[in-house]
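Both ligands and their constituent atoms are indexed starting at 1 by order of listing. Position 1 is the first residue of the sequence; numbering continues from there.
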Amino acid sequence: MTSRTDLLSALSGIVGERYVLTTAEDTAPYATDWKRSTTGVPACVVRPASTAQVAAIVRLCGDSGISIVPQGGNTGLAAGAIPDTTGSQVVLSLNRMQTIRSLDPIGMTVEVEAGAILQTVREKAASMDRMLPIAIAAEGSATVGGVIATNAGGLNVLRYGMTRDITLGLEVVLADGSVSNGLRHLRKDNAGYDWKQWFIGSEGTLGIVTAAVLRLVSVPRYSVTALLSVSSLEAAISLFGHAQQEIGEALSAFELISANSLDLVSRHAHLKPPITAGDWFILLEGASSLSGLRDAAEGVLAGGFESGWVIDGVVAESEAQARQLWALREHVTEAEARDGPSLKHDISVSLTHLREFLDDAEAALVDAAPGAGLNIFGHLGDGNLHYNVLFRPDHDQKAINRIVHDAVIKHGGSISAEHGLGQYRVDEWLRLAPESDLRLASTLKTALDPSGLLNPGKILPFSLLHTKAIRGVN
Ligand SMILES: Cc1cc2nc3c(=O)[nH]c(=O)nc-3n(C[C@H](O)[C@H](O)[C@H](O)COP(=O)(O)OP(=O)(O)OC[C@H]3O[C@@H](n4cnc5c(N)ncnc54)[C@H](O)[C@@H]3O)c2cc1C
C-alpha cells in the first residue's frame with residue numbers, strides 16, 4: 001500500500017513539486033467535465049513536460065497499483081477524462097506538452113506533442129498554407145492527444161474523414177511504462193500490424209498518447225457556404241444526394257440544424273439566421289483548389305427549389321458572412337448547455353433509415369417523457385446526429401437513454417458516432433454491443449493493460465476487476 005505522502009513525493013521527484021496539484025482549488029478544473037455533469041475526486045493532478053516523465057509516472061503508478069486518468073483539454077462530451085470519486089486515481093494532464101516538433105509543407109505532415117491545442121496546430125499549418133482537417137467547435141481547448149484518444153469527427157468528416165484517417169503515426173506510453181515510437185511520416189506502411197489504430201479512439205484505456213504525426217492538406221483556395229431551410233428531413237436527404245452530384249468531392253460539410261437548435265442559439269448566443277421557415281435547416285459548405293464552386297452551389301439551390309425540397313436559402317457573399325452562418329451551427333452545443341440539463345445521444349444511423357429512427361424514438365419519448373424538448377442537429381452527411389433530450393426533473397433519464405439507443409440499434413446504427421463511450425455510455429454499450437465486440441475489446445485491454453491501470457471504468461468497466469485499487473491513497 002502506498003501512502004498519499006509517498007505518492008506525492010515520488011511524483012514531485014519526477015515532474016517537480018509545482019507540477020503536482022493537490023488542493024481542491026487547484027485540481028477543480030481537472031475534476032469536472034465540460035458539461036458540468038460529472039465531478040470526480042483525483043488523488044492529485046500531475047503535469048509532466050516530456051515523454052520520459054510520462055513513462056516514469058506510469059511506471060511509478062503501475063508499481064504502486066495506482067490508476068491513471070489521462071486528460072487533454074477536458075472538452076470531451078462523455079466524461080472520459082474525469083476520475084472516479086474514490087480519491088485514488090491520478091489525473092495525468094498532458095497540457096504542458098505542447099511543442100510542434102516539425103511541420104513539413106511538402107510531405108504534408110505535422111509532428112506535434114499530445115498536449116498541443118488543436119487551434120494552435122491549425123493556425124501553424126495555415127501560416128504555411130496548409131490545413132489540418134480536423135474542425136470541431138472545441139478547437140480552442142481540445143488537444144491533439146484528446147482528439148486522437150476520442151477519434152474526434154467534426155465538421156469536415158464528409159471530405160477528410162475522422163481523426164483516424166488523418167493520423168499517420170503515434171508515440172504512446174504503454175501501461176508497463178515502455179514507449180512505443182511509431183512517429184512515421186508515411187502514407188503507406190504495411191509492415192506488420194497497424195498498431196496505432198488500437199490507440200485511436202481508445203479513450204486513454206490502452207496507452208497514453210504523447211505525440212503524433214498528422215496528415216495535412218492544401219488550403220482550399222475557393223469555398224462556398226450556404227444556409228437553406230428545407231421542407232422535411234426527407235427533403236434534406238434528397239438535397240444531400242443532389243449536392244453530392246453537383247459539388248462532388250468538394251462538398252466538405254452538410255450539417256443539419258433543427259429549428260429548435262436555432263431557437264436555443266438565438267436565445268442564448270443572440271445569433272439569428274438570415275432566413276426563416278421550416279423545421280430543418282442545412283448548412284452546406286464546398287471547398288476546393290479549383291474555381292466554379294459558387295455556380296455549383298447555386299445549381300444545388302436552384303435544383304432544390306425546383307424539386308420543392310428547399311423553402312428558402314442564402315449563399316454567403318463574403319467570408320465574414322460565411323463565418324456568421326457557421327457561428328449559428330457552432331454555438332448549438334454551448335447554447336444547449338446554457339439552457340439547462342440535457343441527455344446527449346451521439347448517434348449514427350444510415351441515411352436510408354434515419355426517418356424511421358426519428359419516428360420511433362419520438363413516438364416512444366412522447367409516452368415516456370411527456371414535455372421533454374429535443375435538440376437535434378449534427379453531421380447529416382455522415383449520418384451522425386446529436387439527438388439531445390432536454391429533460392425535466394421528473395423524467396426517468398435511464399429510460400430516455402434506453403429509448404433512443406434501442407431505436408438506434410433497431411435501425412442498424414451506433415450509440416457513439418464520435419464522442420466515445422467515456423463514463424456516460426458504458427452501461428448502454430454493455431447492454432447493446434454484440435458479444436463478440438465485447439470479447440475482442442476485453443482481449444485487447446487485457447493484453448495491453450493487464451492490471452487495469454489506465455482509465456478504469458471507461459469503455460470496459462470490468463477492467464476494474466483487474467485493478468489493484470489503492471485505498472490508502474486519499
Ligand atoms: C463545444 C464543443 C464542440 C464539440 N464538437 C465536437 C465535434 O464536432 N466532434 C467531435 O468528435 N467531438 C466534439 N467535441 C468533443 C471534444 O471536443 C472532443 O472529444 C475532443 O477530441 C476532446 O479533446 P480533449 O483534449 O479535450 O480531450 P479530453 O476531454 O481531455 O479527453 C477525452 C478522452 O481522451 C482521453 N485522453 C485525452 N488525452 C489523452 C492522451 N494524450 N492519451 C490518451 N488518452 C487521452 C481522456 O482520458 C478521455 O477519455 C466537442 C466538445 C465541445 C465542448
Side-chain angles (χ1 to χ4, degrees), residues 29-36 38 40 45 48 51 54 58 67-83 89-98 112-119 121 134-157 162-164 170-175 198-212 253 255 269 329-338 344 346 348 377-379 382 384-386 416-426 449 454-459:
Y30 302 84
T32 297
D33 71 327
W34 185 87
K35 273 184 68 191
R36 309 216 156 272
T38 304
V45 176
T51 301
V54 174
V58 171
S67 309
I68 296 173
V69 180
Q71 190 177 104
N74 196 12
T75 67
L77 295 175
I82 301 302
Q89 301 184 332
V90 168
V91 170
L92 190 155
S93 168
L94 280 296
N95 64 8
R96 285 178 68 213
M97 294 178 57
Q98 301 206 359
V112 63
E113 288 184 347
I117 303 293
L118 184 58
Q119 186 177 354
V121 186
I134 304 173
I136 60 177
E139 67 170 21
S141 306
T143 63
V144 165
V147 162
I148 288 168
T150 56
N151 186 27
L155 303 167
N156 292 149
V157 169
M162 303 277 281
T163 298
R164 188 181 296 288
L170 287 187
E171 179 186 81
V172 180
V173 172
L174 301 178
W198 305 342
F199 299 93
I200 302 170
S202 72
E203 300 183 60
T205 61
L206 299 179
I208 298 177
V209 176
T210 44
E255 298 285 304
R329 166 65 183 86
E330 286 167 355
H331 278 83
V332 177
T333 302
E334 220 171 306
E336 178 191 297
R338 285 197 198 154
K344 289 187 182 296
D346 166 39
S348 62
F377 63 100
H379 319 295
D382 311 325
N384 173 196
L385 292 188
H386 302 309
S416 176
E418 60 175 14
H419 293 163
L421 298 173
Q423 302 189 40
Y424 291 160
R425 299 187 185 92
V426 169
D449 181 19
L454 299 173
N455 222 357
K458 320 294 164 48
I459 298 189

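- Distance OG/Ser202 to CD1/Ile208: 10.5 Å, rounded to 0.5 Å.
- Remark: ligand 1 and Thr150 share an N or O pair separated by less than 3.5 Å (distance only, no angle test).
- For the residues Ala212, Gly201, Gly73, Ala149, the heavy atom positioned nearest atom 45 (C) of ligand 1 is part of Ala149.
- Taking every non-hydrogen atom of Leu94 and a distance limit under 4.0 Å, the qualifying atoms of ligand 1 come out as 41 (N).
- Taking the charged nitrogens against the carboxylate oxygens, Glu255 and Arg329 do have a contact shorter than 4.0 Å, which makes a salt bridge.
- Ranking protein heavy atoms by distance to atom 8 (O) of ligand 1, first place goes to Gly154 CA, 3.4 Å.
- Checking side-chain atoms of Asp346 against main-chain N and O of Ala417 turns up a donor-acceptor pair under 3.5 Å.
- In summary, the atoms of ligand 1 found under 4.0 Å from a heavy atom of Gly204, numbered by their order in the structure, are 43 (C), 44 (N).
- For Gly207, the heavy-atom gap to ligand 1 drops under 4.0 angstrom.
- Considering backbone and side-chain N/O atoms, Pro70 comes within less than 3.5 Å of an N/O atom of ligand 1.
- The two residues Leu170 and Val209 come nearest to each other via the heavy atoms CD2-CG1, 4.1 Å.
- Between the side chain of Gln423 and the backbone N or O of Ile82, at least one donor-acceptor pair lies under 3.5 Å.
- Between Glu418 and His379, the side chains place a donor N or O and an acceptor N or O closer than 3.5 Å (distance only, hydrogens not considered).
- Contacts between Asn455 and ligand 1, counted as non-hydrogen atom pairs separated by less than 4.0 Å, involve the side chain only.
- For ligand 1, the atoms closer than 4.0 angstrom to any heavy atom of Val147 are 21 (O), 23 (O).
- Close approach to Thr143 involves these atoms of ligand 1, each under 4.0 Å from a residue heavy atom: 24 (P), 25 (O).
- Between the side chain of Glu330 and the main chain of Ala137, no donor-acceptor pair closer than 3.5 Å is present.
- Note: no N/O pair closer than 3.5 Å links Thr333 and ligand 1 by distance alone.
- Residue Gly80 has at least one heavy-atom neighbour below 4.0 Å for each of these atoms of ligand 1: 47 (O), 48 (C), 49 (O).
- Rounding to the nearest 0.5 Å gives a distance of 11.5 Å between CD1 of Ile136 and CG of Asn156.
- Of the candidates Leu77, Leu206, Ile136, the one placing a heavy atom closest to atom 50 (C) of ligand 1 is Leu77.
- Closest to atom 52 (C) of ligand 1 among all protein heavy atoms lies Ala138 CB, 3.5 Å.
- Looking from atom 31 (O) of ligand 1 to the surrounding protein, the closest heavy atom is Ala81 CB, 3.6 Å.
- Among protein heavy atoms, the minimum distance from atom 9 (N) of ligand 1 is reached at Glu418 OE2, 3.0 Å.
- At least one heavy atom of Gln71 sits under 4.0 Å from some atom of ligand 1.
- Ligand 1 has no nitrogen or oxygen under 3.5 angstrom from a nitrogen or oxygen of Ser141.
- Thr163 contributes no side-chain N or O that, together with a main-chain N or O of Ile148, makes up a donor-acceptor pair within less than 3.5 Å.
- Nearest to atom 27 (O) of ligand 1 among the protein's heavy atoms is Gly146 CA, 3.4 Å.
- Side-chain atoms of Arg164 come within 3.5 Å of backbone N or O of Ile200 as a donor-acceptor pair.
- Of all non-hydrogen atoms in Glu113 and Gln98, the two that sit nearest each other are OE1-N, 3.3 Å.
- Geometrically, ligand 1 and Gly76 share a nitrogen or oxygen pair separated by less than 3.5 Å.
- In terms of polar-atom proximity, defined here as any N/O pair under 3.5 Å, Gly153 does make such a contact with ligand 1.
- Annotation: the span from Asn74 atom CG to Tyr30 atom OH amounts to 9.5 Å, rounded to 0.5 Å.
- When Leu454, Val58, Ile68 are each tested for a side-chain contact (heavy atoms from CB on, under 4.5 Å) with Val173, only one passes: Val58.
- Of the protein's non-hydrogen atoms, Thr75 OG1, 2.8 Å is the one closest to atom 17 (O) of ligand 1.
- Of the N or O atoms in Trp34, none lie within a sub-3.5 Å distance of an N or O in ligand 1.
- In this structure, atom 41 (N) of ligand 1 lies nearest to the protein heavy atom Val209 O, 2.9 Å.
- Each of the atoms 11 (O), 21 (O) of ligand 1 lies under 4.0 Å from some heavy atom of Ala152.
- Residue pairs meeting the salt bridge (Lys or Arg N to Asp or Glu O under 4.0 Å) criterion with at least one partner in residues 137-154, sequence neighbours excluded, are Arg122-Glu139.
- At distances below 3.5 Å, at least one donor-acceptor pair connects side-chain atoms of Thr210 with backbone N or O atoms of Glu171.
- Taking atom 28 (P) of ligand 1 as the reference point, the nearest protein heavy-atom neighbour is Asn74 N, 3.6 Å.
- With a 4.0 Å cut-off on non-hydrogen atoms, His419 touches ligand 1 through its side chain and not its backbone.
- Looking at heavy atoms from C-beta onward, Lys344 lies in side-chain contact with Thr333 at the 4.5 angstrom threshold.
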